[in-house]
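Contents: one structure, followed by commentary.
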Amino acid sequence: MEQYNPAKIEPKWQKYWEEKELYKAEDFSKKPKFYSLIEFPYPSAEGLHCGHPRSFTAMDIISRKRRMQGYNVLFPIGWDAFGLPAENYAIKTGTHPKATTEKNIANFTRQLKSLGFSFDWSREINTTDPNYYKWTQWIFLKLFEKNLAYKAKMDINWCTSCNCGLANEEVVDAKCERCGGEVIRKEREQWMLKITEYADRLILDLDKVDYLAKIKKQQIDWIGKSFGAQVVFKIKSSTMLEGEHMYDLPVYTTRPDTLFGCTYMCVAPEHELIEKFADQIDNYEEVKDYINQAKHKSEQERLNLEKTKTGVELHGLKAINPVNNEEIPIFTADYVLASYGTGAIMAVPAHDQRDYEFAKKYNIEVREVIAGGEIEKEAWEGEGTLINSDFLNGLNTQQATDKIIDWLEEKGFGFGATNYKLRDWVFSRQRYWGEPIPIIICPHCGYVPVEEKDLPVVLPEIEEFKTSETGDSPLALIVDWVNVPCPKCGADAKRETDTMPQWAGSSWYFLRYADPYNDKALADLKKLKYWTPIDWYNGGMEHTTLHLLYSRFWHKFLYDIKVAPTPEPYAKRTSQGMVLGEDNEKMSKSRGNVVNPDEVVKEHGADTLRVYEMFIGPFDQATPWSTQGVVGVRRFLEKVWQIGHNLDDKKRGNEDDLVFLTHKTIKQVTEQIETMDFNTCVSAMMILLKKYQEEGCNQEIFRLFLKILAPFAPHLAEELWQNLGHKKSIFLEPWPEYNPELAKESVREIPVQINGKVRSKIFITEDMAKEEIKKLALADDNVQKWLASPGGLAGKEIKKFIYVKGKIINIVI
RNA sequence: GGGGAUGUGGUGAAAUUGGUAGACACGCAGGCUUCAGGAGCCUGUGGCAGCAAUGCUGUGAGAGUUCGAGUCUCUCCAUCCCCACCA
């Protein structure tokens with residue numbers, strides 16, 4: 001018998017599967033369809049890390065199983081290939097990102113193929129291919145056409161290291177999510193996408209899909225819908241005459257019931273009120289100073305100073321509380337965010353902890369209007385009965401809220417309102433390596449879309465990749481490319497030089513897989529109707545508020561314009577845990593704890609890597625890598641190889657046992673692949689194999705085993721299968737059905753407890769009656785011993801006899 | 001501050017969802033094989049006591065419900081992740 005040599009058999013079968021086109025998805029097949037998806041990788045220079053195969057193997061197992069179960073499976077692969085690392089590398093070395101990307105894709109392809117994933121490579125896509133990004137640009141134009149893309153001057157997050165604008169979602173701890181560079185606020189004209197318009201539907205339609213609960217919750221929290229009221233306060237300056245028109249300052253509050261407790265107002269330092277009333281603010285210089293300070297405070301400082309609130313009163317201005325016409329002071333403070341609500345708040349120190357702290361510091365009245373707290377100590381943010389509130393007195397929070405909203409609406413001082421934490425999506429990037437935004441800026445016509453027939457707007461070839469000093473994209477320097485006639489009026493105009501963020505290409509890629517070569521549409525609607533929605537999408541938790549939300553937004557938009565057939569892209573979403581380094585830390589180059597899958601394949605083979613990644617721990621939990629642990633899986637596969645070469649045709653006396661355990665394992669593996677309990681699937685197969693090792697195994701039974709092993713260790717299973725004389729791939733075999741009769745144990749050993757402690761074990765059969773079992777249990781030697789033992793139990797009566805069918809006996813004495 | 005998760009041997013972890021705690025695997029110890037190293041095979045392996053059968057004890061801590069709790073309830077403690085001045 002030959003040695004088990006993965007290096008020899010694995011490439012052989014990979015080639016075989018490719019030649020037989022075993023994993024090719026068929027459009028409009030009569031079989032039921034199954035669309036399984038992994039997050040397409042960014043082809044980095046480092047190549048695959050050991051986190052990739054965890055998700056990929058899981059979905060590969062599910063896809064292979066589905067094929068064997070008779071489904072027409074689409075399990076595609078592609079490249080999310082725009083992005084900063086290739087561009088930064090270009091800045092450093094002058095190598096064109098296109099060249100870097102091609103090279104990296106070649107490496108990734110080699111690696112993925114070496115792991116034996118059953119991707120349909122004929123549908124491979126690449127976001128940097130002009131034939132692909134033509135449609136990314138097309139979608140942008142449609143968004144523009146429907147007023148969902150707009151350009152706005154605003155303070156954005158600016159990465160000082162990338163020289164580039166970032167979305168809120170890309171800023172982590174005041175640092176750039178990608179490069180870790182410092183992020184400051186900077187005012188710029190930016191393209192924005194109105195994701196907020198879809199906020200409600202993005203929440204509501206979560207009911208239509210099967211996502212892990214924590215994923216749904218995280219999305220809902222991120223969108224952050226809240227209910228309350230908008231209340232308008234009139235602003236009055238000391239120089240104003242009675243009856244002169246006053247400025248209206250609207251605020252948003254979730255607690256309109258506390259309106260009588262409002263003792264001051266506060267606006268964000270960026271609020272327009274300050275500039276508007278500059279000449280009426282007596283201490284304008286002081287205010288200006290404060291604003292400047294706030295602006296230069298880095299985000300990091302702001303976080304550290306979280307507890308100490310600062311602000312300045314706007315002397316000379318007063319606000320008028322509409323419910324009681326009281327004049328109250330106005331402050332500006334940086335604890336009020338310009339970008340949430342209206343950028344201004346009504347402060348109720350007695351019932352909001354932040355306002356409470358601020359009021360204490362600046363000696364502002366704390367007026368209790370909700371009973372139930374101890375406002376000498378801290379703000380009472382709970383509910384309660386209204387006091388000191390005129391016509392609201394005696395009501396509870398809910399009643400008071402309803403009543404005050406009615407009152408505000410009636411008097412024209414405000415209305416019930418909802419608000420979201422979700423902001424519109426900053427869509428501009430001042431970089432080269434992204435999809436050019438297909439807009440032409442004309443001095444006469446404004447923003448003019450590139451005509452559809454002129455798509456794609458192809459990235460021009462350039463040699464200098466650095467962002468310009470003004471912070472514009474390197475594209476701004478390519479005069480030939482930038483200067484174009486306006487499509488509308490023909491006047492001299494300029495192209496938009498901002499490019500799209502990396503999230504653009506990944507926001508619709510799953511649709512392209514249905515029809516990757518279409519040059520008339522992003523994908524043929526009939527094909528989309530056949531393939532979508534995606535039946536099962538597995539990916540990282542870190543994409544929940546980024547890619548997952550963005551792509552749902554785009555998909556809903558495409559649904560609205562009748563380009564996509566379903567309101568939701570993904571019917572089911574699951575998430576894998578991270579593979580940590582051996583030191584239990586996140587794998588990273590700097591820590592030097594990165595495990596390269598190439599080395600594992602070289603040493604033990606792809607099947608070992610695959611099975612190990614599934615065996616390593618619960619799929620949804622982070623687990624450290626263990627080089628030692630890999631060996632255990634290798635030994636298991638070695639044993640499979642041994643037994644696979646030592647089969648016979650003998651029937652044995654203990655045949656029943658073997659058949660029973662085999663069917664039990666088929667049942668377990670069949671069910672637990674669906675629940676992603678891969679680790680226990682592997683352990684069940686190990687137990688079964690041990691049984692074969694002890695008892696010997698015949699071909700008929702082993703064939704069943706090979707079929708359930710095949711999705712996990714495809715190369716080994718295929719080798720042993722065809723060794724048995726089969727002429728066709730094991731993956732063309734039907735998935736084994738377990739026989740429920742055979743998966744049932746006929747005789748089983750159950751524990752006998754006395755007063756809750758296991759004292760003996762007896763054998764019973766399925767059909768025994770309780771009385772019969774009781775007799776058997778009481779007759780048992782050990783039980784007798786305990787009943788009559790000198791341990792003090794002697795002569796005690798049996799109070800209770802509990803028998804849980806097929807599980808346990810407990811005798812209470 | 002808010003949210004989510006987790007706590008079981010030396011390690012990664014199982015536990016049919018209230019029914020034999022520690023399956024499976026790593027590691028370790030002893031043995032066989034080998035010139036040696038490695039690999040392989042066999043045996044043992046939560047702790048304490050005992051040559052042993054066995055007994056006691058044991059799932060972060062404490063209480064409760066139950067014939068029976070790793071699992072349910074309450075009160076603490078610890079760790080990790082995400083979000084974070086969202087009015």
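Remark: Arg759(A) is in phosphate contact with rG55(B), judged by side-chain N or O atoms under 4.0 Å from OP1 or OP2. Between Ser626(A) and rA25(B), a side-chain N or O to OP1/OP2 separation shorter than 4.0 Å is absent. Note on Lys690(A): a side-chain N or O is less than 4.0 Å away from OP1 or OP2 of rA25(B). Between rA87(B) and Tyr335(A), no contact under 4.0 Å exists linking OP1 or OP2 to a side-chain N or O.
With respect to Glu638(A) and Arg634(A), a salt bridge is recorded, a charged nitrogen being found less than 4.0 Å from a carboxylate O. Looking at Glu374(A) and Lys377(A), a side-chain N of the basic residue comes within less than 4.0 Å of a carboxylate O on the acidic one, giving a salt bridge. Salt bridge status for Lys667(A) with Glu671(A): present, with a side-chain N to carboxylate O gap under 4.0 Å. A salt bridge links Glu2(A) with Lys8(A): at least one charged nitrogen is closer than 4.0 Å to a carboxylate oxygen.
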Distances under 3.5 Å between nitrogen or oxygen atoms of protein and nucleotides 27-29 of chain B:
from, atom 1, to, atom 2, distance (Å)
rG27(B), OP1, Gln628(A), OE1, 2.5

Could you list, one pair per line, each protein nitrogen or oxygen that sits under 3.5 Å from a nitrogen or oxygen of nucleotides 57-60 of chain B, together with the distance?
from, atom 1, to, atom 2, distance (Å)
rU57(B), OP2, Lys757(A), NZ, 3.0

Protein and nucleotides 19-21 of chain B: nitrogen or oxygen contacts under 3.5 angstrom:
from, atom 1, to, atom 2, distance (Å)
rU20(B), O2, Lys761(A), NZ, 2.9

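At least one test fails for Lys309(A) against the ring of Phe358(A): distance under 6.0 Å to the centre or angle within 45° of the axis.
For Tyr252(A), whose side chain is taken as the heavy atoms from C-beta onward, the closest listed nucleotide among rA13(B), rA87(B), rC26(B) is rA87(B). Side-chain atoms of Phe615(A) lie closest to rG12(B) of the nucleotides rA23(B), rA87(B), rG12(B). Here the side chain of Gln218(A) is nearest to one of rG12(B), rC82(B), rA84(B), namely rC82(B).
Rounded to a whole angstrom, the distance from the P atom of rU73(B) to that of rG18(B) is 11 Å. Nucleotides rA39(B) and rG58(B), compared at atom P, are 39 Å apart to the nearest Å. Taking atom P in both rA53(B) and rU59(B), the straight-line distance is 24 Å, to the nearest Å. Look at the P atom in both rA14(B) and rC24(B): the space between them is 14 Å, to the nearest Å. Taking the P atoms as reference points, rG19(B) lies 11 Å from rC72(B), given to the whole Å. A distance of about 23 Å separates the C1' atoms of rG10(B) and rC56(B), rounded to the whole Å. Comparing the P positions of rA23(B) and rG47(B) gives a spacing of 13 Å, expressed to the nearest Å. Taking atom C1' on both nucleotides, rA15(B) is separated from rA63(B) by 25 Å, rounded to a whole Å.
Ile616(A) comes within 4.0 angstrom of sugar-phosphate atoms only, judged by non-hydrogen atoms across all strands, and of no base. Residue contacts for Thr544(A): at a heavy-atom cut-off of 4.0 Å it reaches no nucleic acid atom on any strand shown. Heavy atoms of Lys639(A) sit under 4.0 angstrom from primed sugar atoms or phosphate atoms, though from no base atom.
The nearest whole Å value for the distance from the CD atom in Glu613(A) to the P atom in rG12(B) is 18 Å. In this structure, Arg634(A) atom CZ and rA39(B) atom P are separated by 12 Å, rounded to whole Å. Computed from coordinates, the Glu603(A) CD to rG38(B) P distance equals 15 Å when rounded to whole Å. Across the protein-nucleic acid pair, Phe636(A) atom CZ and rC26(B) atom C1' stand 16 Å apart, rounded to whole Å. The interatomic distance linking Glu381(A) (CD) with rG1(B) (C1') rounds to 10 Å, in whole Å. Rounded to whole angstrom, the span from the CD atom of Glu542(A) across to the C1' atom of rC83(B) amounts to 15 Å. Taking atom CG on Asn755(A) and atom P on rG68(B), their separation rounds to 9 Å, with Å as the unit. Note: CG (Leu637(A)) to P (rG40(B)) measures 13 Å, nearest angstrom.
An anti orientation is assigned to rU79(B), its glycosidic angle lying beyond 90° of 0. Using a 90° window around 0 for the glycosidic torsion, rG9(B) falls inside it and is classed as syn.
Nearest-nucleotide positions on RNA chain B place Asn679(A) closer to the 5' end than the other of Thr254(A) and Asn679(A). Take the nearest nucleotide of RNA chain B for Met686(A) and for Thr680(A): the residue whose nucleotide is more 5' is Thr680(A).
A donor and an acceptor atom, one from each side chain of Thr310(A) and Tyr290(A), are located under 3.5 Å apart. A donor atom on one side chain and an acceptor atom on the other are found under 3.5 Å apart for Thr627(A) and Glu582(A). Counting only N and O atoms by type, the side chains of His547(A) and Glu39(A) include no donor and acceptor under 3.5 Å apart. Residues Tyr803(A) and Asn810(A) have side chains that never bring a donor and an acceptor to within less than 3.5 angstrom of each other. Side-chain contact of Thr680(A) with Gln672(A): a donor-acceptor pair under 3.5 Å is present, judged by distance alone. Using modelled atom types and a 3.5 Å distance limit, the side chains of Ser226(A) and Tyr252(A) yield a donor-acceptor pair. Side-chain contact of Asp424(A) with Thr196(A): a donor-acceptor pair under 3.5 Å is present, judged by distance alone. For the residue pair Gln576(A) and Asn538(A), a side-chain donor N or O sits within less than 3.5 Å of a side-chain acceptor on the partner.
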Practice prompt. Could you check Arg423(A) against Ser339(A) for side chain to side chain donor-acceptor pair (under 3.5 Å), going step by step and ending with a plain yes or no?
Written response: CA-CA 8 Å; Arg423(A) 313 286 153 78; Ser339(A) 50; 2.9 Å; yes
Worksheet entry | CA sep, side-chain torsions, deciding dist, call: Tyr692(A), Thr662(A), side chain to side chain donor-acceptor pair (under 3.5 Å) | CA-CA 10 Å; Tyr692(A) 293 162; Thr662(A) 303; 2.9 Å; yes
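Every residue two or more places apart in sequence or in another chain was checked for a salt bridge (charged side-chain N to carboxylate O under 4.0 Å, His left out) with Lys807(A), and none qualifies.
Within 6.0 Å of CD on Glu749(A) lie more than 12 heavy atoms contributed by other residues, nucleotides or ligands.
Within the 4.5 Å cutoff, side-chain heavy atoms of Glu613(A) are placed close to those of Arg54(A).
Secondary-structure stems of RNA chain B, taken as three or more successive Watson-Crick or G-U wobble pairs (i with j, i+1 with j-1) under a 3.5 Å distance threshold, comprise B:1-7 with B:77-83, B:10-12 with B:24-26, B:27-32 with B:40-45, B:46-49 with B:54-57, B:60-64 with B:72-76.
Tested against Tyr612(A) for a ring pair (Phe, Tyr, Trp, His ring centres under 6.0 Å), the candidates Phe636(A), Trp625(A), Phe712(A), Phe678(A) yield a single pass: Trp625(A).
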Worksheet item: How does protein contact run along nucleotides 3-9 of chain B, one letter per nucleotide 5' to 3', with B for base contact, S for sugar-phosphate only, - for none, heavy atoms under 4.0 Å?
Response: SS-----
